[in-house]
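Comments concern the structure below.
Quick caveat, the model's predicted, so the values are computed rather than measured.
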Protein chains: 2
Amino acid sequence: MPTVKDVARRAGVSPATVSNVINRKGNVSPALVESVTRAIEELGYRPNVLARGLRVSRTYTVGLVISDMLNPYFSEIAAGVERVCSGRGYTVLFCTTGDDKYAEAKHVQVLRDRQVDGIIVASTGAGNEVIEKLVADGYPVVLINRRLDGVEADSVVSDNVGGALQVMDYLVSLGHRRIAFVAGARDSLPSRERLDGYLRGLAKAGIMVDNDIIRYGYLKYSGGYEAAKYLLALPDRPTAIFAANDMMAIGVMDAVLEAGLTIPQDISLVGFDDTMLSSLKRINLTTVRQSYLELGEIATKMLLDKLSKRPGRRSLKRQVVPCSLVVRGSCAHVTAKTNVPGVGSAAPAGR
Amino acid sequence: MPTVKDVARRAGVSPATVSNVINRKGNVSPALVESVTRAIEELGYRPNVLARGLRVSRTYTVGLVISDMLNPYFSEIAAGVERVCSGRGYTVLFCTTGDDKYAEAKHVQVLRDRQVDGIIVASTGAGNEVIEKLVADGYPVVLINRRLDGVEADSVVSDNVGGALQVMDYLVSLGHRRIAFVAGARDSLPSRERLDGYLRGLAKAGIMVDNDIIRYGYLKYSGGYEAAKYLLALPDRPTAIFAANDMMAIGVMDAVLEAGLTIPQDISLVGFDDTMLSSLKRINLTTVRQSYLELGEIATKMLLDKLSKRPGRRSLKRQVVPCSLVVRGSCAHVTAKTNVPGVGSAAPAGR
DNA sequence: TTGAAAGCGCTAACAG
DNA sequence: CTGTTAGCGCTTTCAA
């Protein structure tokens with residue numbers, strides 16, 4: 001591999017001049033620019049980014065910490081991060097934590113050791129000390145869907161509360177008053193926020209909270225399935241079920257069908273996330289759309305903007321990205337309960 | 001940030017000794033190991049991986065080139081790559097090409113500029129020259145699901161032909177003889193190979209090829225939907241449809257239902273990939289499982305093994321990973337066509 | 001405008 | 001066993 005020296009020799013100039021040509025600095029005469037450029041091409045010279053990084057202590061690399069690449073939410077975030085980075089000459093170094101506190105700490109350290117210019121954390125791992133230390137050390141960090149009170153870390157979160165409120169308004173507008181909520185794990189922030197939106201929606205409509213129709217479970221198909229089994233067996237079963245995410249909603253869906261009931265005639269159902277699943281004709285689930293791609297993009301822009309500014313300005317940025325209700329065919333007006341069952345994919349009464 | 005020098009000063013030794021302690025080399029006396037270790041901890045010293053990389057020309061970084069992070073196949077591959085890398089002290093630098101030839105060339109160059117130790121290419125972008133150059137330059141490369149004849153690049157591919165053959169054997173064993181194939185784009189290697197397996201399966205069963213029931217389309221829902229519309233309108237319509245991937249199969253499924261036909265009673269259907277979709281009760285698709293996670297893991301092991309060996313050994317490795325048929329409820333014995341339609345989720349006749 | 005020289009932080013040779 | 005020295009490839013003073 002040729003180096004600046006080789007190029008310099010071939011062009012009959014000094015390494016410094018070669019460097020100046022490459023970085024368009026220090027006013028080099030057109031003649032030399034020309035010959036250096038030719039030498040670079042002839043030799044197929046490529047700058048060693050490592051050496052440059054060592055010298056200028058800037059690597060144009062962004063570290064990305066996510067929980068799990070197999071989860072579509074995170075891979076969408078990763079896609080957003082990569083898209084913005086690649087457009088601005090940055091590269092992404094990524095690692096996954098499996099939501100393990102120690103893995104998170106370890107990987108953040110690895111990223112620092114590799115001198116990444118900044119770190120984006122989209123992991124729900126509970127290791128707040130890691131983040132606090134990062135910020136305390138003056139490291140540029142942006143948090144996705146994770147917020148630490150009292151810590152000066154920029155963050156971008158989706159408006160889970162607002163999205164859930166939209167769902168509630170919609171269900172209430174369809175005449176539902178007995179609405180169940182199927183939540184994920186109690187320590188999942190998004191799930192908690194969606195639950196919060198649910199509760200606010202109830203309050204807004206003047207509906208009393210019934211803790212018996214708020215179920216907690218694993219944020220997966222099985223969690224929804226089990227919760228629905230319970231809810232459907234209730235003497236006074238709900239007319240609508242709001243699940244904390246799409247996978248759970250699909251679990252609910254199957255349980256409802258197994259009980260011999262129909263969606264949306266007997267039970268209205270809403271999910272959250274607008275996964276690709278929800279749009280399938282056989283699922284056709286009303287849900288809330290949140291673009292995780294966008295979340296990743298926004299976070300990355302925040303970080304890169306920060307990197308290009310003087311380190312002085314320490315303004316704390318907290319961006320909330322809105323969600324939007326996507327109405328499909330899984331909800332009906334509450335009076336539609338009297339409809340003939342069995343049609344399955346009837347158009348929704350709403351809209 | 002403290003450096004080796006700072007540590008050396010504090011421990012009262014030379015930088016070289018510090019380095020030796022860190023890298024467990026050159027037999028340092030226990031006493032000095034002890035004091036150096038303490039100095040490191042007291043200072044919170046962390047080696048600068050950039051500087052080390054510059055010196056030893058080894059970065060413990062793997063470059064990963066994929067088509068698109070939003071596609072579950074690729075994010076699964078990425079997960080596999082990351083898993084193995086992180087387990088062996090490597091980090092992953094990743095970029096996406098969108099299957100664009102020039103983007104691929106550019107990104108591969110970026111990875112080289114960053115001195116990654118090796119590159120894994122899981123992109124279907126048609127830029128073979130890029131790969132050829134990489135290999136010609138002696139760069140360690142492993143290709144996933146992409147094979148270049150005449151190029152000395154290691155590769156790991158899934159056994160698409162074998163998987164498709166299993167599907168055909170299964171359908172034939174159910175008595176089907178009029179089996180349609182819904183292919184993806186003509187230049188998609190996996191799709192071509194699956195088609196190849198289909199053709200071989202026909203030959204094996206002594207069934208004549210009917211080009212009218214081999215349809216090409218976009219490897220997505222719509223592609224399957226359109227193809228099925230055509231196939232179902234045929235005077236002598238097929239009794240079974242084999243789609244090149246799950247998304248297409250779901251498109252086929254919807255078209256079949258819209259035509260007032262039932263799966264599997266009227267039409268048997270098989271997909272490929274075993275996406276999470278296929279296992280949903282409402283889909284319940286018989287398909288072929290290929291673990292892309294495993295593909296990523298195998299490729300990474302190949303690469304890392306290569307990196308730890310002497311550069312002399314230039315054995316070309318080409319690994320084929322088997323697929324397996326996953327029987328669910330979308331196929332029935334051909335005589336079952338006479339069954340009463342409308343049951344929808346009857347158990348498959350096979351097995 | 002251009003070049004010489006120093007140094008980013010680290011490790012490999014070699015000398016002691 | 002330990003320290004001195006040199007240099008990986010680059011950029012950046014500073015002097016010419």
Side-chain angles (χ1 to χ4, degrees), chain A residues 1-40 43-61 89 91 109-117, chain B residues 1-40 43-61 89 91 109-117:
Chain A
M1 289 273 94
T3 75
V4 264
K5 277 189 188 167
D6 300 318
V7 175
R9 194 163 21 236
R10 178 151 193 139
V13 299
S14 77
T17 302
V18 174
S19 173
N20 282 333
V21 170
I22 293 171
N23 303 300
R24 314 188 197 309
K25 274 188 189 169
N27 273 8
V28 184
S29 69
L32 287 192
V33 170
E34 161 65 18
S35 65
V36 167
T37 309
R38 196 178 26 244
I40 287 178
L43 260 42
Y45 168 78
R46 300 253 82 212
N48 181 328
V49 179
L50 239 55
R52 176 185 292 163
L54 178 60
R55 184 61 235 243
V56 304
S57 43
R58 203 92 195 296
T59 58
Y60 294 92
T61 309
T91 314
Q109 191 54 264
V110 168
L111 293 176
R112 295 186 64 168
D113 291 351
R114 287 175 179 264
Q115 317 290 120
V116 299
D117 293 338
Chain B
M1 287 274 93
T3 73
V4 265
K5 277 190 188 167
D6 300 318
V7 175
R9 195 163 20 238
R10 177 149 194 142
V13 298
S14 79
T17 302
V18 174
S19 173
N20 282 334
V21 170
I22 293 170
N23 303 300
R24 313 190 197 309
K25 274 188 189 172
N27 274 6
V28 184
S29 72
L32 287 192
V33 171
E34 161 65 19
S35 63
V36 167
T37 309
R38 193 172 36 238
I40 287 177
L43 260 43
Y45 167 78
R46 298 255 85 210
N48 181 328
V49 178
L50 240 55
R52 176 185 292 163
L54 179 60
R55 184 62 236 239
V56 303
S57 44
R58 204 93 197 297
T59 59
Y60 294 92
T61 309
T91 313
Q109 192 54 264
V110 168
L111 293 176
R112 295 186 62 167
D113 290 351
R114 286 174 180 265
Q115 315 291 120
V116 300
D117 294 338

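- Between R55(B) atom CZ and dA12(C) atom P the separation is 7 Å, expressed in whole Å.
- Of the side-chain N and O atoms in S14(B), one or more sit less than 4.0 angstrom from OP1 or OP2 of dG3(D).
- For the OP1/OP2 pair of dC1(D) and a distance below 4.0 Å, the side-chain nitrogens and oxygens of N27(B) include at least one atom meeting the criterion.
- Rounding to the nearest 0.5 Å gives a distance of 8.5 Å between CE of M1(B) and CD of Q115(A).
- Taking only side-chain nitrogens and oxygens, N20(A) never comes nearer than 4.0 Å to OP1 or OP2 of dT1(C).
- Residue S57(B) places no side-chain N or O under 4.0 Å from the OP1 or OP2 atom of dC8(D).
- Taking atom CD1 of I22(B) as the reference point, atom P of dG9(C) lies 14 Å away to the nearest angstrom.
- Here the side chain of N48(A) is nearest to one of dC10(D), dC10(C), dC8(D), namely dC10(D).
- The closest donor-acceptor contact from the side chain of T37(B) to the backbone of V33(B) lies under 3.5 Å.
- V18(B) places none of its side-chain heavy atoms less than 4.5 Å from the side chain of P15(B).
- Rounded to whole angstrom, the span from the CZ atom of R52(A) across to the C1' atom of dC8(C) amounts to 14 Å.
- In this structure, R58(A) atom CZ and dG9(D) atom C1' are separated by 20 Å, rounded to whole Å.
- The interatomic distance linking M1(A) (CE) with dG9(D) (P) rounds to 11 Å, in whole Å.
- Atom CG in L32(B) sits roughly 7 Å away from atom P in dG3(D) (whole-Å rounding).
- When the options I40(A), V36(A), V7(A) are evaluated for a side-chain contact (heavy atoms from CB on, under 4.5 Å) with I22(A), the one that passes is I40(A).
- Following rounding to the nearest Å, K25(B) (NZ) and dA12(C) (C1') show an atom-to-atom distance of 8 Å.
- Under 4.0 angstrom from either OP1 or OP2 of dT2(D) there lies at least one side-chain N or O belonging to S29(B).
- For the residue pair R114(B) / T61(A), a side-chain donor-acceptor distance below 3.5 Å is found, with atom types taken as modelled.
- At least one side-chain nitrogen or oxygen of S19(A) sits closer than 4.0 Å to the OP1 or OP2 atom of dT11(D).
- Look at NZ on K5(B): it is 9 Å from C1' on dC8(C), rounded to the nearest Å.
- Note on T17(A): every side-chain N or O is 4.0 Å or more away from OP1 and OP2 of dT2(C).
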